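I have placed the structure first, in the form of structure tokens, so that the comments after it can refer back to it.
Below, chain A is the first sequence line, B the second, and so on; all start at residue 1. Small disclaimer: the values here were computed from a predicted structure and weren't measured.
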Amino acid sequence: MLDYKKIEAKWKKNWRDSELYKVSHKSDKPKFYVLDMFPYPSGAGLHVGHPLGYIASDIVARYKRLKGFNVLHPMGFDAFGLPAEEYAIATGVHPAESTSKNIERYKEQLSNIGFSFDWSRELQTCDPQYYKWTQWIFTLLFEHYYDLEEDKAKSISDLEATFRAKGSAGVKAYTYYEGSFTAEQWSAMEETARFEILSEYRLAYRKVGYVNWCSALGTVLANDQIKDGLSERGGHPVEKKAMTQWYLRTTAYAERLLSGLEEIDWSSSLKTIQRNWIGKSKGAQLFFDIADSDKQIEVFTTRPDTIFGATYMVLAPEHPLIEEIKSADQSDKVQEYLDYVSSRSDRERMSQVKQVTGVFTGAYALNPFTQKKIPIWIGEYVLMDYGTGAIMAVPSDDERDHTFAEKFGLEIIPVVDKSGHPNASKSDKVGTMINSEFLDGLQVPEAIKRMYQEINEKNIGAVTINYKMRDAGFSRQRYWGEPFPIIYKDGIPSVLSKEDLPLELPQTDDFKPTSDGQSPLSRIDSWVNTGDGLKRETDTMPAVAGSSWYFLRYMDPHNQEAFASKEALDYWQNVDLYVGGSEHAVAHLLYARFWHKFLYDLGYVSVREPFKKLINQGMIQGVIEYIALVKGDSGDRFISADIVNAESVSAFIPIHIDFVSDYGTDHSHLKTDGIEKFLEWRPEYKGAEFVTSEDGNLYTKSETGKMSKRYYNVVNPDDVVDAYGADTFRLYEMFLGPIEQSKPWDMQGIEGVSKFLRRFSGLFFSDEVFNVTNENPTDQELRILHTAIKKVSEDIERFSHNTAISALMICVNELKKVNCNKRQILEPLAQLMAPLAPFTTEELWERLGHKTSIHTSSYPAFDESHLKEDSFEYPICVNGKKRALKSFPADADKATLEKESLEMEEMQKWIEGKNVVKVIVVPKRMVNIVVK
RNA sequence: GCCGGUGUGGUGGAAUUGGUAGACACGUUGGAUUCAAAAUCCAAUGCAAGCAAUUGCGUGGGGGUUCGAGUCCCCCCACCGGUACCA
């Protein structure tokens, strides 16, 4: 029989030496691109959860290869990021060093599982030869703007030429710039002024923004790196801080990012997440005059129909108009309130959402329809970065406005009669308009349309589209990231040319951020100051930079002249199947689509969307075991979970799952030796008392959660591979259930697939000797094989690998029953199984006498004619309930089936004394007799 | 709150288009083999009643459509994930 350790070692070496999985775009075959989201190489190494997606995609890659596709299946590493930098700060080990060590470990672990990656295409985002092109694409973003007429990115020098020739008139481009100028004015401007204006158009630009500043980490964090107002990493407090930052104008692409979702095959939940993130809403932009002032307040509302109920206005605390409009007698109170707001952390603000705060500015606005004076307030609940940072408040039809009005005693005018809709909430767009002059009597949707017309005609605003999505903050004050290819001259940035790239990250041994929040790079004077008063940008790019285009680099990873050759890009086009975790649902997947669309506009790539089909593999969770610690005057006591009083518990201490008996169940516990092991591991609890349950066990608290170092529950795939073999590991992870589903890891059941593999290879042996005959197979054997071919192919195509394996189990069980050891059956069976169990099948293939790899052979052909059965066993039902089974010839006609079913002896007791109303016969399915 | 998903034996799960619910495994029980154990092989295994043939019940709960519902429709419940003063 086969010794899996020997054959794994043998074929791992053979495949590596022969570069079996190396592909080229110079091929006549159709292409297929299967990609895994590349991992961040953390110090903890891979755990059994990571390979779940890799195995699933590897099976598809191998399947497609056998089916005759030219398969691109690469792997690389997302190697820039915060953990390596934190590790460097703590230990002094350079991030490059720890990262490369971690990568080596990852590669070793990956190779043990038998993936068919083309390692000649490996990339690492921290490699200068890679980030050269990340920097280069950034320079392109800097040098382009978004043209609304052609609906694509165009060169900023074109825009400049237009300004020079015609001024700003007639330019339709995506910008926040609101001024206008003639060609003469443009030419007369200072260079700085011209630069400022162009910056309002560039797709990469700098602006002062309120960023999530985490002083403990010394860096700016993205929204998705914050959980409940604390940093996801480390749980440190996060506050708002004004900083000049680089931004990418992702909002210019909002509409295309939204509509592009229609043309790709992603799960509906993922698309919904992206749609919600983009957050498109249609509404009206309205201007309210301020009483006794020439200023106006601009608001955005989706409910212009309720304007007759707008009894006050609210500005965000950061709104620039506040300074200008606040009245003298309210000035102190306003300042007091603004101080209060800025003293509050994000965490406080978020956890106290229901708390209503605000202050009156002393100023009034005029309702554009009634000309009535309404007070202008400031309130925390209005956010500066959504809409215009100001709202018209309609307390009768908005929950938040209502609460605010009640608290501060503001007027409430009902404008929508919802008596016909008892279950509708305040903001539901239903009901009949009242107290609203010309709108009275209209239904809400009609009233909204009518108002849009009215606003246009009266010229007091416009119908607009608003997006929740904001431009992406692109600066990080860290060391371990791509340096910006930017040089400042008198404060004006310009980009390095392609020839000067990559701009390499300079060496240093001080990774701490500076106290004022500057990146560690700012300390390296010789690097920052390049002479002639020129200065480099010292921020670095965020981790999403490198992952926003890596899938393109794989197409041509060693190209020195371009990020990838035109030829390679045209051949591979885009990713046919992308597999990865749903934690990247927004950030990575949105930025990657944005970069890709930008490169599409510039003509570098020829398809609009980068990832045709996407599958989110579920998480493999771990079991977390805790013991309850009660601290008291008499010292530490650990009390069994079944008898402990929950309120007295000082802490639940996570412990090694290896110490726990029956871990993961509701009766998980520590036996005496478990307690001993625990004490050996944590000697600081030597003096503690252990209060066990009556049966002498110390019961533990079990949870299902993340597999992580801090819970001591990480299962290393190497250990499983060592104990059962790589093929068993692969099969088992797939056999656990559907790929998309999350599930806790447990080893129950791995014996099942292990047995199956042994039984499969056992078909090729008699009495420990390899023995396969050339006899012709029987019809039955052919039917068993071809049933499996059909089912396995269909299942792999729809990524249902667990049912494909079960079909193979059935096939092997049935062949075993008839003692089949015929080449004509076993050879195609091995090919059928090769994608799932690459080592075992490769070894058997060689023993069958083949000189070339099974993985470069072909997929077994399916022949429908072998599935023909002479008879079919029909379930005979009465009123839909199965009452008997009867075998009929496969070609029996309906009349025969009906007649013979009714005549069956077993049927008589169900029919007797009743009326047979009708008989329904569905060929090859069932017979149903309807009686009354 | 809103959005999305899930709910099937003791366990993981299957049922692709409305057509035999529980495939395939794990576990458990009994048996063979063995000095013994492991491994292997055979048999049984949704629940309840019955010696049995058999019968009733059964896909989170309630209702509906249909000859027929795990699958479609309506209402409700539980759990998981995402998201949130988004005007």
Touch class at under 4.0 angstrom, heavy-atom based, for A:Asn813 against every strand present: sugar-phosphate
First encountered from the 5' end of RNA chain B, between A:Arg759 and A:Thr357: A:Arg759
Nearest heavy atoms of A:Pro375 and A:Thr311, plus distance in Å: CD-O, 3.4 Å
Atom P, compared across B:G13 and B:G64: separation rounded to whole Å: 32 Å
Sugar-phosphate only, base, or nothing, as touched by A:Glu740 at under 4.0 Å among non-hydrogen atoms: nothing
Ring centre gap for A:Phe888 and A:Tyr874 strictly below 6.0 Å: yes
Aromatic ring proximity, centroids under 6.0 angstrom, A:Tyr312 and A:Phe404: yes
Touch class at under 4.0 angstrom, heavy-atom based, for A:Lys280 against every strand present: nothing
Side chain of A:Lys882 (C-beta onward), nearest among B:A23, B:A21, B:G56: B:A21
Dot-bracket pairing map - RNA chain B, Watson-Crick plus G-U, both contacts under 3.5 Å, | cross-strand: (((((((..(((......[....)))((((((.......))))))((((....))))..(((((..]....))))))))))))....
Distance-only donor-acceptor test (3.5 Å): side chain A:Lys468, base B:U83: no
Pairwise C1' distance, B:C67 and B:U20 [rounded to whole Å]: 16 Å
Separation of atom CG in A:Asp746 from atom C1' in B:C26, rounded to whole Å: 9 Å
Intermediate values then yes/no, side chain to side chain contact (heavy atoms under 4.5 Å, CB included), A:Ile920 and A:Val927: CA-CA 6 Å; A:Ile920 290 157; A:Val927 176; over 6 Å; no
C1' spacing across the pair B:G22 / B:G46, given as an integer number of angstrom: 7 Å
Aromatic ring proximity A:Trp377/A:Tyr337, centre distance under 6.0 Å: no
Flag side-chain contact, heavy atom, 4.5 Å: A:Val356 against A:Glu380: no
Shortest side-chain distance from A:Thr301, nucleotide among B:A14, B:A87, B:G19: B:A87
Rounded P spacing from B:U17 to B:U65 in Å: 25 Å
Atom pair distance, as rounded to whole Å: CG in A:Asn276 and P in B:G81: 18 Å
salt_bridge(A:Asp397, A:Lys418) N-O dist < 4.0 Å: yes
A:Glu794, nearest nucleotide to its side chain (from B:A25, B:G82, B:U16): B:U16
Touch class at under 4.0 angstrom, heavy-atom based, for A:Asp398 against every strand present: nothing
A:Lys881 NZ - B:A69 C1' separation (whole Å): 12 Å
Atom pair distance, as rounded to whole Å: CD in A:Gln748 and C1' in B:C24: 16 Å
Gap in Å between the two P atoms, one belonging to B:G82 and one to B:A87, rounded: 22 Å
Sugar-phosphate only, base, or nothing, as touched by A:Phe735 at under 4.0 Å among non-hydrogen atoms: base
Touch class at under 4.0 angstrom, heavy-atom based, for A:Arg758 against every strand present: sugar-phosphate
Touch class at under 4.0 angstrom, heavy-atom based, for A:Ile920 against every strand present: base
Spacing of the P atoms in B:G27 and B:U11 (rounded, Å): 15 Å
For B:G64, glycosidic torsion class - syn if within 90° of 0, otherwise anti: anti
A:Ser268 side-chain proximity, nearest of B:G5, B:A15, B:C85: B:G5
Inter-nucleotide C1' distance (B:C75, B:A25), Å rounded: 38 Å
Nucleotide of B:G82, B:A87, B:A15 approaching A:Ile273 most closely (side-chain heavy atoms): B:G82
Touch class at under 4.0 angstrom, heavy-atom based, for A:Met926 against every strand present: base
A:Glu298 versus A:Gln285, side-chain donor and acceptor atoms under 3.5 Å: yes
Sugar-phosphate only, base, or nothing, as touched by A:Asp401 at under 4.0 Å among non-hydrogen atoms: nothing
Ring center gap for A:Tyr724 and A:Phe729 short of 6.0 angstrom: no
Sugar-phosphate, base or nothing in reach of A:Ser269, heavy atoms under 4.0 Å: sugar-phosphate
Touch class at under 4.0 angstrom, heavy-atom based, for A:Ile750 against every strand present: nothing
Per A:Asn928 side chain, nearest of listed nucleotides B:G19, B:A14, B:G5: B:G19
Inter-nucleotide P distance (B:U71, B:G60), Å rounded: 8 Å
A:Arg470 vs B:C86: side-chain N/O to OP1/OP2 distance below 4.0 Å: no
Sugar-phosphate, base or nothing in reach of A:Ile391, heavy atoms under 4.0 Å: base
Short side-chain N/O contact to B:A14 OP1/OP2 from A:Asn802, under 4.0 Å: yes
Nearest-Å distance for atom pair CG/P, residues A:Leu808 and B:A25: 11 Å
Sugar-phosphate only, base, or nothing, as touched by A:Trp266 at under 4.0 Å among non-hydrogen atoms: nothing
Among B:A23, B:C85, B:C86, the one nearest A:Ile810 by side-chain distance: B:A23
Nucleotide nearest A:Arg925 when distance is taken to its side chain, options B:C86, B:G19, B:G13: B:G19
A:Gln274 side chain reached by A:Leu589 side chain, heavy atoms, under 4.5 Å: yes
Salt-bridge contact A:Glu794-A:Lys790 (side-chain N to carboxylate O under 4.0 Å): yes
Ionic contact status for A:Arg303 with A:Asp305, cut-off 4.0 Å: yes
Nearest-angstrom distance from the residue atom CG of A:Leu885 to P of B:U54: 12 Å
Spacing of A:Gln741 atom CD relative to B:C79 atom C1', expressed in whole Å: 13 Å
Residue closer to the 5' end of RNA chain B, A:Arg883 versus A:Gly387 (nearest nucleotide): A:Arg883
A:Trp377 CH2 to B:C85 P, straight-line distance once rounded to whole Å: 22 Å
Nucleotide nearest A:Ser806 when distance is taken to its side chain, options B:G56, B:C67, B:A23: B:A23
